[in-house]
Number of protein chains: 2
Amino acid sequence: MKISFEIKDKDIAGRIGKLEIENEHNGTKKCIETPALMPVYNVNNPVVSIEELKDKFNTKILMTNAYILLKSHKEKVIEEGIHKFLNFDGIIAVDSGSYQLMEYGSIDISNKEILKFEESIKAEIGSFLDIPTLPDAYKKIADENLTETLKRAKEAKELNLNLIINAAIQGGTFIDLRAKAAKEISKNFELNAIGGIVRLMEEYRFDELINIIVNVKKNIKASNVVHAFGLGHPMIFGLAVALGCDIFDSAAYALFAKDKRYITNYGTKKISELEYLPCSCPVCHNKNPNDLDEHDIALHNLYVSYEEIRKVKQAIKENNLWEYIEMRAISHPNLYKAVKALKKHRKFLSQFDPITKRSAFFDFGFDIRTEIYNVKKRIKNVNVGKDDFVKVGIFGNVPKQILDMYPFNAFGIKSDASDEEKIKTIMQYQFGKDADKILDKFNLIIKRSKNTKRIRWIYDSKTKELIASVRAQDHFIIPHKKLGEELHKFFKFPKLRVVISDEAVPFVKEGRNVFAKFITNIDKNLRAGEECLVVDKQDNLIATGTLLLAPIECMSFKRGVAVRVRK
Amino acid sequence: MKISFEIKDKDIAGRIGKLEIENEHNGTKKCIETPALMPVYNVNNPVVSIEELKDKFNTKILMTNAYILLKSHKEKVIEEGIHKFLNFDGIIAVDSGSYQLMEYGSIDISNKEILKFEESIKAEIGSFLDIPTLPDAYKKIADENLTETLKRAKEAKELNLNLIINAAIQGGTFIDLRAKAAKEISKNFELNAIGGIVRLMEEYRFDELINIIVNVKKNIKASNVVHAFGLGHPMIFGLAVALGCDIFDSAAYALFAKDKRYITNYGTKKISELEYLPCSCPVCHNKNPNDLDEHDIALHNLYVSYEEIRKVKQAIKENNLWEYIEMRAISHPNLYKAVKALKKHRKFLSQFDPITKRSAFFDFGFDIRTEIYNVKKRIKNVNVGKDDFVKVGIFGNVPKQILDMYPFNAFGIKSDASDEEKIKTIMQYQFGKDADKILDKFNLIIKRSKNTKRIRWIYDSKTKELIASVRAQDHFIIPHKKLGEELHKFFKFPKLRVVISDEAVPFVKEGRNVFAKFITNIDKNLRAGEECLVVDKQDNLIATGTLLLAPIECMSFKRGVAVRVRK
């Protein structure tokens, strides 16, 4: 089995991804879009049937338990293969007996045994027998558990099975253990599962949950697929996605239904507490709370979980994932506090976050946003008079010359700066200190759009050449050929550069986009969404374009477009 | 036609109401629960059919336009009656030609003519030909419009039709004009429509919208039914309900659909902006944005609108409407600002708000809640040592003796106060200055629950009598007979009193609940949800009980239970 993963769109450290699993034995490819919900199907007690999963939810990936299969259906499932056995063509992930191990203290199979069984039933994704550590465990226990887990991970790796390993990163609530586990696991496995976090979610210990996710993300490859193991409550999908989680399994939809617990994307209600059904899903829209049985509630819980995934994906598309998380934070005081505490991870998250966004910046008084970090850093590059600064909401002092740019443009503050001042200051803000000096080479003519009356084009009157355009939406400067060349001359390597390997050079010269796998080096201070210089190893300028990924992603991903090259 | 309205449940100034319309001519009664959505049905161009409204949405009240009926279907609709004509048995409200008047400047029918037509087609609810004033109109114009509107209102009143008049309160954005209109209209009509606010909603001028609603509410009877005319966007239903609005008509579901605008409860999206449908309604759950035509979008818009009404009602049932509004505030910066600005209406709103709630107090950093006003006022009654105060989040300094009470109990702060100190301080907080002295008459024995270990019963060891219990959920003292008598002796009339008319006395003596219509006077400092003394006109104590309505509501409503009497 071979896994490929690429980023199709992004916001904060979240991404819409294309995850492909290729079975090299028979050449079949299965593909899902992430963030993805992976419902857990309990073979011996399915609350929602496979047919329902397919028909009602268009389920393309699910998880089931290998230990139960081994105990109850061994021969049949080996003979038929898991896909025929379940009558499900999509991607099937099997969990090992870890959960049972945690529940019963010990189980009667070995790591090797369960892994070989997982391969034998032809699941796409399997798990080694990791040892989950509960929160509040002693560090010694957590450490011992982790050592054993990593041994089993190594064993899984060495078995070299035809199986993608959903490799668990354990370590309890100990950040150093999590970091160690993440580093180890990340090296050998491309699908990484953050384990042992269900209890934190159930106990509303969101701050600890966030710390774990962030510290795992810091220690794994940006291109690894992250499965938030057991994180099945939609109220935190947005948050977990923003931190870089890609897959959420949900047993919660069924477990909650057993207890008559009704999931909403802003919390959980006992069905007995409800007088009205706060939902329009096919189950709820014309029913009363008393009408719902376990099966109905499970269906509802799944509808609302899938819905939340779509909502989060749409928020990524609109680049308003921050606002989305802030909205969801108003669900529980612990979630609110945890989201407010994201401020301490701002620097880390800001390296992933696009520098410009498709939606206006909405300020809801949360002082947590990545923009604040990125923007303040950029403003330091700008050389303007002391009196040129104006207060712009949460951003504090901002030069009046850049008020038309994202994110400041959302504040509707008018500026009396001249067009030339604006352009010169934007140059510094966008490309770096003294970048305005580049413009001295030209006889600038700045033209405004007839429709919008906003700055739109920058010409050189000497050559009559269009040297740059200014994007209406966010007022970023888009350098054309000539300005790209001057930027390249002015700034020393590696500033503004994306370095590509020789084999890609001819294609990019023809105007083809730069794929991540051809990138050999990059200016770490670049941000997704910004204009960059594509160069070869000798720093010859090959093209200009828009960087679509964060530098850390460019260096890690082996699939997908990294720079949209300007033709 | 006769209208009756009673409160079934409440939170902030919002209420779940039972609205009944009785046609005295034929004795039929039609009943709806409020807050209610009233979809607008366009006879000549229905996007969603009457059958769909009934089947899919269980619609019990709708609005249609009398002017259009008069122009296009006059004879038939008079002959058949509007219910047969539309094939709809529920409550039908008809709008006059005000909208057309606004759009075209003038129309060719008189106020009297349209009103008589409305009666002739046997609609339950009609409208006079009010003149809406757009925001930003000159005051002179607004004033003239209002004068004419009030003249027409008077004419409607004098016609004495068999029609509930949905009486428009106009006045544009001029608060004094709105107040004048509200006072006038409220006197003569029990169904009051806040008109001329659609544009404010469309332009996201939520602060002005709130000011208008609050100032109307301040000047009408608490028992009047409030129709927020044209306020059809679910993102503000919760807010409008919290301010005391009961009915929302929605033409938006269809008008937005025509422009391919897709409503969510956190904003509006162009369908072309959507890559994913952020909804699980029967229309959306298995479709893609491109699949939706105008009819689909209209259905979706209605599903989400009805869903939001249910969500808001559920929030009232759980008494977490504040949290709900705060969540919805994170939809648009203007809504956020407007919600933050509710602080200035806190005193007004606090008179409606229950003193104790069914859900824990969740603090999301909004300094707007009615509890803050009510609580600070109560704390002034408490006589404790300077060192007894502890910081409790948004509430500031709170005596440690009352930390178990709502809303402080949500903060989980432990107190070292003795049980007796606690009880004495709660007495003062709950009933007033020096109320602890009442307890000196008793030899107190305070007992704790075996299960919860919390204070539960207060006995007098002399008489062995149970003088009070302490409610587990919020630690409020529930006085039994003896303590009720002592409270009555200790505090002078009208403190803690609900005065009932003589005709109700025998029933209440038997333990029947007090209905609002029998209340002749009340202590204005009481709050809904608190323990009160029911007395006759001579201040003889008749019973103790829990006040269910706000004092202002007790004095205004003619229907419904106001005090749940303790047997």
Side-chain angles (χ1 to χ4, degrees), chain A residues 9 16 33 55-58 264 266-267 269 273-286 289 300 302-318 320 323-333 336 340 358-366 393 410-411, chain B residues 9 16 33 55-58 264 266 269 273-286 289 300 302-318 320 323-334 336 340 358-366 393 410-411:
Chain A
D9 212 330
I16 294 177
E33 190 173 84
D55 293 350
K56 294 183 195 292
F57 304 100
N58 199 19
T264 78
Y266 51 101
K269 314 278 182 188
E273 292 168 349
L274 290 175
E275 295 255 346
Y276 308 92
L277 289 174
C279 178
S280 295
C281 82
V283 175
C284 298
H285 78 282
N286 53 6
H300 158 82
L302 259 184
Y303 275 118
V304 76
S305 301
Y306 276 105
E307 174 185 319
E308 188 66 9
I309 293 284
R310 291 197 301 276
K311 283 180 160 160
V312 170
K313 287 205 270 190
Q314 181 61 29
I316 293 176
K317 282 282 171 194
E318 294 178 19
N320 52 21
E323 285 89 347
Y324 196 81
I325 292 169
E326 290 171 353
M327 175 174 74
R328 285 282 171 263
I330 312 290
S331 301
H332 190 281
Y336 175 74
K340 293 274 276 187
R358 296 183 193 101
S359 296
F361 184 96
F362 278 6
D363 178 17
F364 297 117
F366 288 71
F411 292 79
Chain B
D9 212 332
I16 293 178
E33 191 174 82
D55 294 351
K56 292 183 196 292
F57 303 101
N58 199 19
T264 79
Y266 50 100
K269 313 276 184 190
E273 292 168 350
L274 291 174
E275 296 255 346
Y276 308 92
L277 288 174
C279 179
S280 294
C281 81
V283 175
C284 299
H285 78 282
N286 54 7
H300 157 82
L302 259 184
Y303 275 118
V304 77
S305 301
Y306 274 105
E307 174 185 319
E308 187 67 9
I309 293 285
R310 291 197 300 276
K311 284 180 160 159
V312 170
K313 287 205 270 190
Q314 181 60 30
I316 293 176
K317 281 282 170 197
E318 295 179 19
N320 53 23
E323 286 88 348
Y324 196 81
I325 292 169
E326 290 170 355
M327 174 174 77
R328 285 282 171 263
I330 313 292
S331 301
H332 191 280
N334 292 6
Y336 176 74
K340 294 274 275 186
R358 298 185 193 101
S359 297
F361 183 96
F362 279 7
D363 180 15
F364 297 117
F366 286 73
F411 293 79

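Among A:C281, A:P333, A:S331, the residue making the largest number of heavy-atom pairs under 4.5 Å with chain B is A:P333. Ranking A:H332, A:E326, A:E323 against chain B, the residue ahead of the rest is A:H332, based on heavy-atom pairs under 4.5 Å. Counting heavy-atom pairs under 4.5 Å between each of A:K340, A:K56, A:E318 and chain B puts A:E318 at the top. By number of non-hydrogen pairs under 4.5 angstrom with chain B, the leading residue of A:E308, A:K269, A:H300 is A:K269.
The contact between A:I16 and chain B is made entirely by side chain atoms (from C-beta outward), counting heavy-atom distances below 4.5 Å. Residue contact with chain B, scored on non-hydrogen atoms closer than 4.5 Å, involves the backbone and the side chain of A:K313 alike. Looking at B:A329, only its backbone comes within 4.5 Å of chain A, counting heavy atoms on both sides. Only the backbone of A:D363 comes within contact range of chain B, judged by heavy atoms closer than 4.5 Å. Of the atoms belonging to A:Y324, it is side-chain heavy atoms, and not backbone ones, that fall under 4.5 Å from chain B. Residue B:I325 does not touch chain A at all, counting heavy-atom pairs closer than 4.5 Å. Looking at A:D55, there are no atoms closer than 4.5 Å to chain B (heavy atoms on both sides), in backbone or side chain. Contacts between A:F57 and chain B at a heavy-atom distance below 4.5 Å are absent for every atom of the residue.
In this structure, the salt bridge (Lys or Arg N to Asp or Glu O under 4.0 Å) partners of B:R358, at least two apart in sequence or on a different chain, are B:D9.
Remark: of the listed residues B:K311, B:E307, B:R310, B:R310 is the sole one forming a side-chain contact (heavy atoms from CB on, under 4.5 Å) with A:Y276.
Aromatic rings from B:Y336 and B:F366 are positioned such that their centres are separated by under 6.0 Å.
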